[in-house]
Asker: 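This is the structure I want to talk about, given as C-alpha cells.
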Amino acid sequence: MDHTQHVNRDTPSSSSRETRYVQETGFSDRGPTNKHAGVSEPEHLQFKSDTDRDRVIVRLLAKGIVQEHQVRDSWTEWQDLLKKGMKVPLWRVLALHVDLDSQHIFAEAAQLYAFTEADIDENDAVIFLNDHKDDFLDASWDEMVEHFVLPVSRERDRSTRELKWVFITHDPTRPKVHQIIQRLRLRRFELQFAPETFVSALIAESFLSQNNFLEKLDENAPAFDMGMSYDEGSQLVDEDALEAEISRSHLINLFEGALVEAVQRGASDLHIYPNLEGAIQIHMRVDGELDLWHEEDRFKPEAFLAVVKDNAMNVDRFDRDIAQDGFIQRWIDDVLIRFRVSVLPIASAQQGVHAESIVIRVLDDRKVLTDLRQIGLLDDAYARFQEAIRQPHDMVILTGPTGSGKSTTLVAALHQVVTPKVNVLTVEDPVEYLMKGIRQIKLGPRLGLEGALRAILRHDPDVVMVGEMRDQKTAELAIKLANTGHLTFSTLHTNDAPSAVSRLFKMGVEPFLIAYAINIVVAQRLIRMLCSTCRIPNPNPDFDFMRHLGFTDEDFYGATIYQPGGTDKCKTCKGSGYKGRRAIAETMLFTPKVRSMIMASEDMVDEDALRACAVEEGMTTLQTAARQLVTLGETSLEEVIRVTGT
C-alpha cells in the first residue's frame, strides 16, 4: 500500500505545540471523568451528534467493544480539551479510558482507515532491525523509537514489483508517524498496524540496551567542580563533607551505570581506583583485556569509593586500611546478576587521600556453559578430555594462570557427568555459580578446605570437585578421594600440563599417588578470536618469523593468514579487532608410559622428558593448538604470541 493513500481526516493540523502533542500522543493532562449522570437534553443531543460523526466510535459501539457510559466519560473530557483549543479526535481520548484496552481501539481505527495488520514473526523482525541499523541515522532511529514506529521488512509491491519498506506502529493514523517516515526519503513504503505490546517488545529487544544511569549522569552533571576543593594539607577525611558528596545522585548513577554497562558488555571484572592525579578510573575486562571505560575527576575519590562500599554487603565504608570482601546483587535486563567485591588499600600520590582499589567480579549465570563443546576445544583435545571424565574414578586436573577459564571448563565438565543417580559435591572458596543438581559446600571460618574434604569422605559422594589444591594436605586428601573410587576434579596454577606433575611432586605428594590417581591433566588458555566482520587477510606475512614460532611450510600451504581490521567503525568489535574467546588446551593423558616415567622420578620430575613423552603419546601442545587457529583464520599471530609466548 502506497503512503499517499493514507490521510487522517479526523486530526487537523495545528501549529500549537500543545495541540501537536495531543495529536501525536492522544494524551491530555486530565484524567477521565465520570459526569454522565444528570446530563441536560441539549448536552445529550450534542453528545449524540459528536459520537455519530466519529466513525471509530460508531464502530466500537456497534461491535460492543465499548459502552455508551464509557464514551460519555471520555466525551466530557474531550469537551474540556476543545475549550482549551486542543483539537483531538474523540476516539483518541476514549483510548485513554482506565477501563478500556487501548489496543482494541487502535486496531479498529487502523482497520477503518484501511491499514493492513502486520503478520511477521518477532524473531524475524529483530534480525531485520539488527541487519538494517546502518540504513538510517541514529537521530532517525531515536525518533522512530520515541514514537513507536519501526521498519520490519522489505517486500516487493504486488502491483509495481518494486521493493518497499514495511513499517509497523500501534497507531498508524497519527500524522507524526507519516512525517517521520517521509523524512527518511524512501522511494516506497507501507505502514501497517501492530499491537503496542509487539512493537514494545521489538524496541526492548533491539534498542533498549542503553545505560539509563549514564544518561541520568549526563543530564544531571554538576555545574561546578567538586573534585579537589578539600584541604590538601589535611591528613583526615572530612566525613561530613564526604557524606554530602555521597548523597549526590551523580555518584549513584555513575556506579549503577558501571554495573549495567559491565553486564551488557559481557565484562568479567570491573576495576575501580584513583589514578595519580586523584581521578577515579573505571576499567572493564572484556575478552581478557582491561579497557578504560570512564574517568571521573569531578568528585573526591573517597566519595565514589565510599558509594561502592556502601552498596556492597559485608564491607565497612569507614575501614580504609584492611582488605575486605563483599557482594552485590542487582536485577539487570530482568536477570538477577551477582557481583563479588574485593577491596584493597593502595598507595596514593595525593596527600590526605585514602586510596583503595576495588575489583568487582561479574557473576552472570547466563554465561555459565553447560556444554563442553561450547568451550571451543579443538577436536583432539575435546575427545581426550571426554574420555577422561567418562571414567568412573580417578582425578581430572585443570591447570593454568588466573583468568584462563579453568572454572568455566570445570563447570561444563561437571554438567556432562551430573545425573539424578549420582551424588556430586563441590568444595569452592568462594562459590561463584550455583549449579542445578549439585551440592556445593560453602567454606567459612568454622569449616576450612581440609575439614570439608575429610567430611566429604563420609558424605557418600560419587563425583567431587575441589576448587584448588593449595598445599600438600589438600592435595593428598583430593588424591585420596580419587583413589577411593570417586571421580575427582580439581585445579592447579601451573603454566602447562607437565608442570602440574612437578608441582604435586614438590608439594610432597608421593609419586605412586600422582601416577595412579590421575586420569588427565589439562592445561588451558583463552585466546581471543578475530572479529569475523572486520578481519582482513595479512597481505605480507613474515614467513621466517612464523617458522620461528613453530609453523611449518605445510601450515602455510593453502592457508590465509588474517589480522585485525583495526577500524573503529566496526559495530561488532567496537574497533578492538577481536570478538569473543575460545579455549586452547594441551591434554596429557596418563598412559602407561607416562605413569612409568612419573614412577621413575627420584629427586625431581623431568618436565621436558615428560612433555616429549606426552607429545609422543598424542598430546597437542598449547603452541600447536594456537598455530592451528591461525591457519584456520580464527586468530592472529599477535594473539598467539600474547597467549603462548615465542
Side-chain angles (χ1 to χ4, degrees), residues 230 234-248 251-263 267-276 278-285 290 293-296 299-330 332 336-364 402-403 407 427-434 440-449 452 467-468 470 493:
Y230 57 93
S234 173
Q235 298 299 313
L236 299 175
V237 176
D238 185 339
E239 296 294 349
D240 291 336
L242 193 61
E243 189 70 40
E245 284 204 10
I246 291 169
S247 65
R248 295 179 183 272
L251 291 168
I252 303 296
N253 287 333
L254 178 57
F255 172 61
E256 296 293 346
L259 296 182
V260 171
E261 188 74 10
V263 172
S268 60
D269 299 271
L270 269 172
H271 290 241
I272 302 170
Y273 58 90
N275 62 15
L276 294 179
I280 284 289
Q281 289 190 339
I282 303 175
H283 298 256
M284 295 187 183
R285 188 178 293 279
L290 284 176
W293 174 70
H294 186 77
E295 183 171 315
E296 184 57 67
F299 311 102
K300 294 178 182 178
E302 296 104 320
F304 186 70
L305 295 171
V307 166
V308 178
K309 294 165 72 176
D310 272 350
N311 280 272
M313 299 293 292
N314 297 336
V315 174
D316 183 356
R317 185 229 294 182
F318 299 100
D319 204 338
R320 302 183 178 94
D321 300 315
I322 63 170
Q324 300 187 71
D325 292 307
F327 66 92
I328 299 169
Q329 290 191 153
R330 289 289 186 275
I332 298 175
L336 182 63
I337 307 295
R338 292 171 290 115
F339 302 88
R340 195 179 75 220
V341 182
S342 173
V343 184
L344 280 174
I346 60 174
S348 172
Q350 297 287 324
Q351 188 178 15
V353 173
H354 291 253
E356 292 171 291
S357 171
I358 300 178
V359 175
I360 302 175
R361 170 63 56 89
V362 182
L363 303 174
D364 187 345
T402 301
S407 297
V427 184
E428 307 163 74
D429 186 21
V431 175
E432 292 191 341
Y433 295 105
L434 300 178
Q440 297 170 265
I441 298 171
K442 183 179 179 181
L443 301 180
R446 301 180 62 185
L447 180 62
L449 180 59
E468 182 184 348
R470 299 172 180 174
H493 287 283

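Worth knowing before you read on, the calculation uses all heavy atoms, side chains too, and leaves out hydrogens, waters and symmetry mates. Numbering of residues begins at 1 and proceeds along the displayed sequence. In this text, all values refer to a predicted model and were calculated from it rather than measured experimentally.
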Asker: Any chance you could measure L254, atom CG, to E296, atom CD, to the nearest 0.5 Å?
Answerer: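 Separation between the atoms: 5.5 Å.
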Asker: For A312 and I328, which heavy atoms make the closest approach, and how far apart are they?
Answerer: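 Taking A312 first and I328 second, the nearest heavy atoms are CA-CG1, 3.7 Å.
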Asker: With sequence neighbours left out, what residues match Q440 under side chain to side chain contact (heavy atoms under 4.5 Å, CB included)?
Answerer: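 Counting only residues at least two positions away or on another chain, Q440 forms a side chain to side chain contact (heavy atoms under 4.5 Å, CB included) with T426, E428, V431, L434, M435, I438.
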Asker: Is the side chain of K309 donor-acceptor paired with the backbone N or O of D319 at a distance under 3.5 Å, no angle test?
Answerer: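 Looks like yes, one N/O pair under 3.5 Å.
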Asker: Begin with the C-alpha distance, continue with both residues' side-chain angles, and end with the deciding distance and a verdict on side chain to side chain contact (heavy atoms under 4.5 Å, CB included) for D325 and R340.
Answerer: CA-CA 8 Å; D325 292 307; R340 195 179 75 220; over 6 Å; no
Asker: Could you give the distance from CG (L344) to CG (D321), rounded to the nearest 0.5 Å?
Answerer: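 Rounded to the nearest 0.5 Å, the CG-CG separation comes out at 12.0 Å.
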Asker: Could you grab the distance from atom CH2 of W293 to atom NE2 of H283, nearest 0.5 Å is fine?
Answerer: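 Result: 12.0 Å between the selected atoms.
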Asker: Taking side chain to side chain contact (heavy atoms under 4.5 Å, CB included) as the criterion, tell me which of L270, V308, V260 meets it with F255.
Answerer: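 Among L270, V308, V260, the one that satisfies the side chain to side chain contact (heavy atoms under 4.5 Å, CB included) with F255 is V308.
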Asker: Considering non-hydrogen atoms only, spot the tightest contact between R361 and D269 and give its length.
Answerer: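 Answer, listing the atom of R361 first, then D269: NE-OD1, 2.6 Å.
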Asker: Of all residues at least two apart in sequence or in a different chain, which pass the salt bridge (Lys or Arg N to Asp or Glu O under 4.0 Å) check with R285?
Answerer: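 For R285, no residue satisfies salt bridge (Lys or Arg N to Asp or Glu O under 4.0 Å) once neighbours in sequence are set aside.
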Asker: For the residue pair P274 and L305, what are the closest heavy atoms and their distance?
Answerer: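 The answer is CD-CD1, 4.3 Å.
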Asker: Specify the closest pair of heavy atoms between A355 and A347, including all atoms of both residues, with the distance to one decimal.
Answerer: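 Minimum heavy-atom contact is CB-O, 4.2 Å.
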Asker: Flag the pair M313 / Q329 as yes when at least one side-chain heavy-atom distance between them is below 4.5 Å, and no otherwise.
Answerer: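 No, side chains not in contact.
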Asker: How far does CG of L251 sit from NZ of K300, to the nearest 0.5 angstrom?
Answerer: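 If I round to the nearest 0.5 Å, the distance is 11.5 Å.
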Asker: Please determine whether side chain to side chain contact (heavy atoms under 4.5 Å, CB included) holds for the pair E261 and I282, giving the CA-CA distance in whole Å, both sets of side-chain angles, and the decisive distance to 0.1 Å.
Answerer: CA-CA 11 Å; E261 188 74 10; I282 303 175; over 6 Å; no
Asker: So, are E302 and R320 salt-bridged, with charged N and O less than 4.0 Å apart?
Answerer: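 Salt bridge flag = no for R320 with E302.
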Asker: Using every non-hydrogen atom in the two residues, find where Q324 and N314 come nearest and quote the distance to one decimal.
Answerer: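 So the two residues come closest at OE1-O, 4.3 Å.
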Asker: Let me confirm one number: the CZ-CG distance from R330 to N311, rounded to the nearest 0.5 Å.
Answerer: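 The CG atom of N311 is 5.0 Å from CZ of R330, to the nearest 0.5 Å.
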Asker: Please name the pair of heavy atoms, one in G448 and one in L443, separated by the smallest distance, quoted to 0.1 Å.
Answerer: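 It is O-CD2, 3.7 Å.
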Asker: When rounded to the nearest 0.5 angstrom, what is the spacing between CD in E356 and CD1 in I322?
Answerer: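 Atom-to-atom, E356:CD and I322:CD1 are 9.5 Å apart.
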Asker: From the options D364, V362, I337, select the one residue that forms a side chain to side chain contact (heavy atoms under 4.5 Å, CB included) with I332.
Answerer: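 By the side chain to side chain contact (heavy atoms under 4.5 Å, CB included) criterion, I332 pairs with just one of D364, V362, I337: I337.
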Asker: Can you find a heavy atom in the side chain of F304 that is under 4.5 Å from one in the side chain of I272?
Answerer: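 The answer is yes, as the side chains (C-beta and beyond) meet within the 4.5 Å cut-off.
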